[in-house]
Structures are given as structure tokens and as C-alpha cells.
Amino acid sequence: MNDTRQSVLFVDDEPELLGGLQNALRRYRDEWDAHFASSGAEALEKVADAPFAAIVTDMRMPGMDGAALLDALCDLRIDAVRMVMTGQTDPATTVRIVGTAHRMLSKPCSLDDLQQTLRMVTTLRALIRDDASRLAVAHARYFRMSPTVVNALDTLLSSPAATPADVAALVRQDPGLAVKVLQLVHAGFLGKERAITSIETAVAQIGVDVLRILPAPPPSVATNHSGLRAAGMSNDRLARHATYVAQLAQRIAPESVDPTTAYTAGLLSVAGIGTIAAELPHETVAVLKHAVTHQVPIHVAERTIYEYDHAMIGAYVLGLWGLPDAIVEAVRYHHSPQDAGPTLGLAGVVHIADAIITGAYPLTKQHAPPLETSLDVVYLSECGVASRLREWKAEATLLVSADL
Amino acid sequence: MDRLLTRQLSRTVGLDGWSPELEKFIALVDRTYREHEADRRLSDHAMETVSAEVTEMNEQLRRKVRALEQLEVELRQAQKLEAVGQLAAGIAHEINTPIQFVGDSITFVNDALVEMGKLHAHYEVLVSAVERGDVASFADIVSAIREAEEAADLAYLLEHVPKAIARAQKGLNRVSVIVRAMKGFAHADSTDKIAADLNKAVTDTLVVTDNAIKYVADVELELGELPPVRCFLGDINQVFLNFFVNAAHAIEDVVEKTGERGKITVSTLADGPWAVVRIRDTGIGIPEAVRGRIFDPFFTTKEVGRGSGQGLAIAHNIIVGKHGGTITFDTVEGQGTTFELRIPIDGEPSP
């Protein structure tokens with residue numbers, strides 16, 4: 001029999017809990033090949049022997065606890081999806097593992113919720129066939145972040161008078177920070193709560209105090225990488241490019257699209273670029289060089305050189321981290337909006353904003369692909385908005401020039 | 001005054017005796033009298049004022065004492081809330097785990113019943129064939145049954161269903177133990193001392209604090225025979241909780257350095273008029289420099305979030321202040337600490 005099942009490893013110090021899961025998961029025995037470990041050490045032995053699609057661990061365990069196990073899995077570059085199933089969903093615990101755990105399930109967790117989450121993350125994982133990039137995404141805990149914005153946020157948070165609105169105003173300017181905040185607000189809620197796409201709402205719900213205890217991003221992602229800068233793309237420039245895409249997306253959103261969601265989707269459209277640039281900067285340098293030499297859009301350069309493009313990588317990383325489906329889908333289809341639907345929706349809005357901003361404020365100054373290579377003009381006509389292109393381009397020019 | 005004196009004098013001395021001197025004298029007497037009267041009124045008034053001030057000061061003092069008492073009650077309540085709040089997360093975890101495996105086990109039993117229902121339909125086919133005497137079809141039906149049994153993995157179901165039910169019962173028992181202990185622990189504060197089983201108070205509080213202890217230490221109980229002890233049980237539970245959590249924290253500091261689990265030993269015994277409770281830990285011990293201050297309010301060596309420095313001060317207040325007992329300790333740095341609580345069994349401070 002050809003075994004197409006996905007291997008999942010459950011780690012818990014309570015043998016009865018593992019016994020219960022083993023029994024209950026029997027229902028899905030054709031889909032999951034479940035394995036069990038009663039300690040972090042045993043889990044590490046098992047992952048050394050066989051590959052797993054996902055690892056689901058308890059938090060509090062004697063000896064190596066869940067957080068330490070997740071750290072070890074990251075360090076070992078195990079490309080499994082990392083999930084936590086815990087009875088403790090207090091902010092301090094959540095903040096501690098928000099990078100290393102892709103998903104948090106709260107105990108008690110119904111079999112359906114467990115099954116749905118496992119299915120979603122493993123389906124996303126299967127999207128990325130290229131081993132190196134799948135590993136890069138699994139390993140990633142951060143995107144590249146703008147040092148300017150990170151420092152400004154540090155300064156702001158050191159003041160007791162910082163308000164959620166002040167904090168949100170800064171978080172809005174950096175996709176790496178924005179994704180952390182959205183990840184935190186969705187941690188442990190598993191879609192039962194309303195999906196939050198607004199950065200302001202997310203910051204307000206998390207609270208400034210919790211953001212103060214969020215671990216600082218490592219210098220490796222929050223400083224400008226010399227190779228990338230030599231290729232013309234600094235972290236600051238990436239963040240600013242994303243902010244322009246976000247602002248333009250918000251402005252051009254039709255009535256059927258929530259402008260706040262459009263902003264966030266626009267900001268996070270660079271998620272794949274930010275992830276790969278953080279994990280595999282030399283690949284990003286190669287992509288930028290190819291894009292400039294041949295004057296093609298970034299995603300075309302990516303597809304030419306590798307098997308992936310940043311829309312897929314971005315969707316995978318955002319999906320893994322539990323961001324709302326609407327955002328994940330918009331990022332996934334922002335270079336092929338017709339796949340997301342025949343009318344101008346969220347993916348289409350981000351597509352248009354991204355293409356126009358690539359003309360007005362590209363990732364590197366030398367990058368100037370012709371507009372028709374990045375913009376799907378047929379799609380625009382089909383959506384009946386081709387006539388507005390001139391106006392939107394003018395908006396983009398205004399946005400960028402107002403900042404310079 | 002003036003006129004009254006004049007009339008009486010004129011009646012005594014007659015009109016002939018009236019003279020300007022006498023008139024002057026009368027005026028003098030009158031003035032002196034008036035002045036005296038004014039003085040008296042003034043002093044009366046002063047007395048009244050002073051007495052009002054004293055009453056007011058007394059009242060203020062009484063109010064301040066009341067406010068202080070209230071503050072103390074609130075502080076103790078706040079400390080209790082803090083301790084309970086810290087534990088609530090831990091207890092939630094303790095309860096969530098059994099709920100998880102009870103739920104999973106029931107899900108499985110349900111799945112198993114569905115599969116067995118399908119098998120039962122096959123058996124029904126066989127039964128009706130037997131009733132009809134349709135011997136020719138037996139072989140086919142039996143092979144269909146065997147196939148269905150294999151698909152359902154009947155052997156697995158028969159083995160695991162009883163186990164799953166036992167597991168569910170175990171989980172429910174565990175939740176009951178925790179809930180019962182919490183009820184014992186959160187015993188309503190009564191205004192009177194009640195005769196309480198301190199051994200039960202120890203075990204209840206240990207269940208409630210299990211989550212703070214079990215990852216770092218094993219607990220050994222040496223509970224002796226204790227008569228009922230007249231005490232404020234809610235307060236005593238809080239004292240035990242403070243000592244158990246402190247012991248766990250002291251051991252946690254060792255575990256972080258050496259990775260070795262520690263031990264908490266709780267022993268009880270009756271010693272004449274005293275109930276004695278000893279809590280021994282294998283933690284880091286209390287540094288010499290701070291030994292004199294551990295019962296001071298707000299004194300703490302713990303980092304923020306791990307305690308407000310109220311625990312031992314309140315324990316002291318409850319055991320010594322409210323029960324007339326004593327708290328002593330014996331500590332060796334790097335080896336551990338033993339606290340000894342002595343509580344009068346009859347609820348009265350011994351003379």
C-alpha cells in the first residue's frame with residue numbers, strides 16, 4: 001500500500017493524554033500517522049530518526065519544556081510545522097513562544113479543531129516543493145525588519161505614556177512588526193474568534209504592556225544586511241516599499257473590500273520576500289540582480305531562478321503563523337488575482353497597488369520593469385477599472401513624493 | 001445687675017443714706033461682676049472647645065484605626081487574590097489536561113460504537129440466515145463478517161474501548177479531586193475559629209499548589225495524629241499555600257542551576273497544647289544577610305511577578321497575631337530551609 005499519510009508527532013508528559021489522542025485520532029488513521037513521545041528528549045530522538053510534517057507539544061513538562069523543545073527543533077533545522085497544545089494561554093507564555101510555535105491550540109482542544117489545523121498547515125506546507133525554501137520558512141521566526149522603525153518602537157515602549165494608537169502608528173510601517181502583532185492576537189484562538197485584520201485593533205487588544213515584554217528581534221533581522229544593501233535593498237527600503245503598497249491598496253479598495261484589511265494585506269504582500277531575505281539573503285541578492293539585469297518583476301525572477309515565488313512563500317508563512325485566511329489568500333494570489341475571483345477583490349487590490357508601487361518606489365532603485373510585466377492589464381479591464389489606472393498612478397506618485 | 005443692687009441697697013440704707021460714693025461703689029461692683037462673668041463665659045467656652053477637639057481627635061483616631069484595619073484586611077485579601085490568581089492558571093492547566101483526554105476517550109468510544117453498529121448489522125444478516133436455515137449462504141456471510149471485522153479492526157476496539165472508559169473515569173476522578181480540594185481551600189472566612197482538620201488543610205492546599213510544585217519537586221508527607229485545631233481555616237490554608245509556593249520557588253532556583261529535582265517534606269504532629277506543622281525544602285536556603293527581615297512586609301528577594309513580599313509577613317500575622325502561635329525557621333544556604341509553625345490546639349494563645 002502506498003502510504004500517503006503525514007507523520008505527526010505528539011509530545012506530552014501525561015501518558016493518558018497521549019493515550020486519548022491515539023484512540024481519538026484512529027478516526028483519521030488514513031490521513032495521519034501519529035507518533036507519541038513523553039518528553040522533549042524522546043521527541044528529539046524521534047525527529048532524528050524520521051521526518052515529521054508537524055510536531056505538537058505540551059508546554060509544561062519536567063526537564064525540557066515545550067518552549068525549549070521548539071527552540072531545539074528550530075536550531076536543528078527540522079522543517080516540520082511546530083505547534084503547541086497547552087492549557088496555559090496567558091500572555092507571558094504566548095509571548096515567549098510566538099516565534100518558535102507556528103500555532104497554539106488551547107487545551108481542551110476538540111478533535112475537529114486539531115484535525116482542521118493539522119490539515120491546513122500540512123496542506124500549506126505541501127505547496128512548497130523546494131526543500132531549501134520550505135526549510136527556510138519553517139526555520140523563520142522573523143521577517144527582515146526596518147531598524148529605523150524597530151528603534152523608534154523601542155524608544156516609544158520605554159515611555160510609560162505610550163498609547164496603543166502611538167504603537168500601532170509605528171507597527172503599521174513595518175511588515176515584520178505587523179506580522180508579530182497579528183500572530184500574537186491570533187495565537188491560541190483558532191479562528192473561533194473573529195479574525196482580526198486591523199493592526200490598530202490587534203495592538204489595542206494585545207495591550208501595550210504585553211508588547212513591552214515581547215522579545216526584541218535578533219540583530220540578524222533588524223539590521224541592514226550588507227549583501228542586500230549592496231544589491232540596493234535595505235530593510236528600511238523594503239519596509240517603506242511595503243508601506244506604500246499598503247497605503248495605495250487602502251486607497252484603491254472598492255466598496256466591497258474593507259480598506260483596513262487592504263492596508264494589512266498590502267503591507268504583508270512582501271512577507272515572502274522578507275522571510276527569504278531573512279533566512280537566505282544570498283538567494284534574495286541573486287533574485288534582485290536577475291530582476292534588475294532583465295528588468296522583470298521580482299516574482300518572475302524568483303520563478304526563473306528557483307521553484308518558488310514570494311507569493312507562495314508569503315502565503316505559507318502567514319498561514320503557518322495563523323493569520324486570517326483573507327490575508328493569506330490575498331498574498332497568495334497577488335500576482336495572479338484572476339485565480340482569486342473574477343471581480344476586483346482583496347488580491348486584485350494588492351496586485352494593482354504592488355505593480356504601481358514597483359514603478360514608483362521599487363525594492364531597489366535600479367529596478368524598473370515595464371508596468372505591463374507586473375500589472376495584469378487584462379484583469380483590470382475585466383474588472384472594469386482600467387480607466388482608473390492613470391488616477392491611481394498619480395496617487396502613488398503623490399504618496400511617494402510626499403515622503404521624500 | 002446695676003438696678004437690682006441699687007434697689008436692695010436703697011431699701012437697706014434708705015434714701016437718706018444714698019450718696020454719690022455709694023453710687024460709685026455700686027458701679028465698681030457691677031463692673032467687677034461683669035468682668036468676672038465675661039471671664040467665666042470665656043473659660044466655659046474654652047473648656048467646651050477643648051473637649052470638642054478632644055472628642056474630634058478621638059474620633060479621627062478611631063477612624064484611622066478602622067481604616068488601617070480595613071487596609072490590613074484588604075491587603076491580606078489582595079495577597080490571597082494574587083496567590084490564588086497565580087495558581088488559577090496552574091489549576092486550569094491541571095483540569096484542562098484530564099478534560100482533554102476524557103473528551104478524546106469519549107470521542108473514540110463513540111467511533112467504536114459506530115463501527116460495532118456496522119458489525120452488528122452483519123451479524124443480523126447471519127442470524128436471519130440461520131433462522132431461515134439458509135446453510136448455503138453461511139460461508140459468504142461469514143467471510144463478509146470477517147472482512148468487516150478486519151476493516152473495523154475489531155481486535156483493537158475490543159482491547160481499547162475498556163481502556164478508554166477507564167481513562168475517562170480516571171480523568172473525571174482527577175478533576176473531582178482538584179475541585180474538592182479547591183472547595184476546601186477556598187473555605188469561606190468565618191469570623192469565628194472552627195475546629196479544623198489541619199492534615200486535610202495540608203493535603204487540600206497541596207493539590208491546589210501541585211502545579212507550582214510538581215515540575216520541580218516531589219512531596220513527602222509525614223502526617224501525624226492531630227486533634228481538631230480551633231483556627232481560622234481560610235487563613236491557615238493561605239499560610240500553607242505561601243509556605244508551599246515559597247518552598248517550590250526555593251527549589252526551582254536549584255533546579256535551574258543543577259537540573260536536579262528537589263523534595264518538600266511536610267510533617268504534622270501534636271506536641272502538648274500545640275499543633276506543629278513543619279515544611280522542609282531542599283531549596284537554596286535563606287542568605288544570612290536577610291534572615292532578620294523575611295517577615296517584614298514587602299520584603300522580597302523574588303523578581304517581579306513571582307511575589308510581592310507579602311507572603312511571610314501575612315503568615316506571621318496570621319500564625320502569631322491571630323492565633324497566638326509561633327513561626328521559627330532553620331536554614332542552611334545551598335541545602336534548604338525548614339519552617340516550623342506551632343498553633344495552639346484549643347485556639348487560645350497559651351499564657
Side-chain angles (χ1 to χ4, degrees), chain A residues 10-30 34 36 38-41 56-68 84-96 104-115 188 209-210 212-213, chain B residues 85-86 88-112 114-115 151-153 156-157 159-175 210-218 252 255-256 259-262 304-306:
Chain A
F10 293 90
V11 190
D12 203 298
D13 62 321
E14 171 59 68
E16 300 291 0
L17 189 127
L18 296 180
L21 276 173
Q22 182 175 23
N23 282 168
L25 280 167
R26 195 173 166 280
R27 184 190 290 184
Y28 300 112
R29 58 190 181 280
D30 297 335
F36 304 91
S38 58
S39 70
V56 185
T57 179
D58 183 26
M59 268 304 280
R60 285 197 78 171
M61 296 185 286
M64 176 185 277
D65 70 2
V84 161
M85 188 156 90
T86 176
Q88 287 176 313
T89 44
D90 55 300
T93 309
T94 310
V95 156
R96 194 166 149 231
M104 281 180 73
L105 298 168
S106 51
K107 271 184 203 161
C109 162
S110 77
L111 190 61
D112 283 347
D113 285 345
L114 176 64
Q115 159 73 359
D209 283 340
V210 170
R212 283 201 181 96
I213 57 169
Chain B
Q86 281 172 355
I91 290 168
H93 188 248
E94 288 301 279
I95 290 181
N96 285 337
T97 299
I99 289 180
Q100 177 76 46
F101 67 70
V102 169
D104 285 342
S105 301
I106 290 174
T107 302
F108 167 66
V109 171
N110 183 54
D111 288 357
V114 171
E115 304 236 27
D153 204 352
Y156 182 95
L157 298 182
E159 185 194 339
H160 282 268
V161 165
K163 283 186 186 170
I165 290 171
R167 182 185 302 116
Q169 277 165 343
K170 192 170 166 185
L172 290 176
N173 283 341
R174 205 188 290 181
V175 173
D210 191 38
N211 200 260
I213 298 172
K214 73 172 178 188
Y215 297 99
V216 292
D218 300 313
E252 206 170 300
V255 174
E256 269 167 27
E260 250 173 74
R261 279 174 78 74
V304 174
R306 213 170 159 205

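Chain letters run A, B, ... following the sequence lines, proteins first, then strands; residues in each count from 1.
Side-chain contact between Tyr28(A) and Leu114(A): absent, with no pair of heavy atoms (C-beta onward) separated by less than 4.5 Å. Counting only heavy atoms from C-beta outward, the side chains of Val11(A) and Asp58(A) never approach each other to under 4.5 Å. Thr97(B) has its side chain within reach of Lys107(A): a pair of non-hydrogen atoms, C-beta onward, lies under 4.5 Å apart.
With a threshold of 4.5 angstrom between heavy atoms, Arg26(A) approaches chain B through side-chain atoms but not through N, CA, C or O. Using a 4.5 Å cut-off between heavy atoms, Lys214(B) does not touch chain A at all. Using a 4.5 Å cut-off between heavy atoms, Asp65(A) does not touch chain B at all. Only the side chain of Asp13(A) comes within less than 4.5 Å of a heavy atom in chain B; its backbone stays farther off. For Glu16(A), the parts lying near chain B are the backbone and the side chain together; criterion is any non-hydrogen pair under 4.5 Å. The contact between Met85(A) and chain B is made entirely by side chain atoms (from C-beta outward), counting heavy-atom distances below 4.5 Å.
Between His160(B) and Phe108(B), the ring planes lie perpendicular to each other; the angle is over 60°, past the 30° to 60° tilted range.
In summary, Asp104(B) and Arg167(B) do not engage in a salt bridge, as defined by a charged side-chain N under 4.0 Å from a carboxylate O.
Nearest heavy atoms, Val95(A) versus Ile213(A): CG1-O, 3.4 Å.
When each of Val102(B), Val161(B), Asp153(B), Asn110(B) is checked for heavy-atom pairs under 4.5 Å with chain A, Asp153(B) comes out on top.
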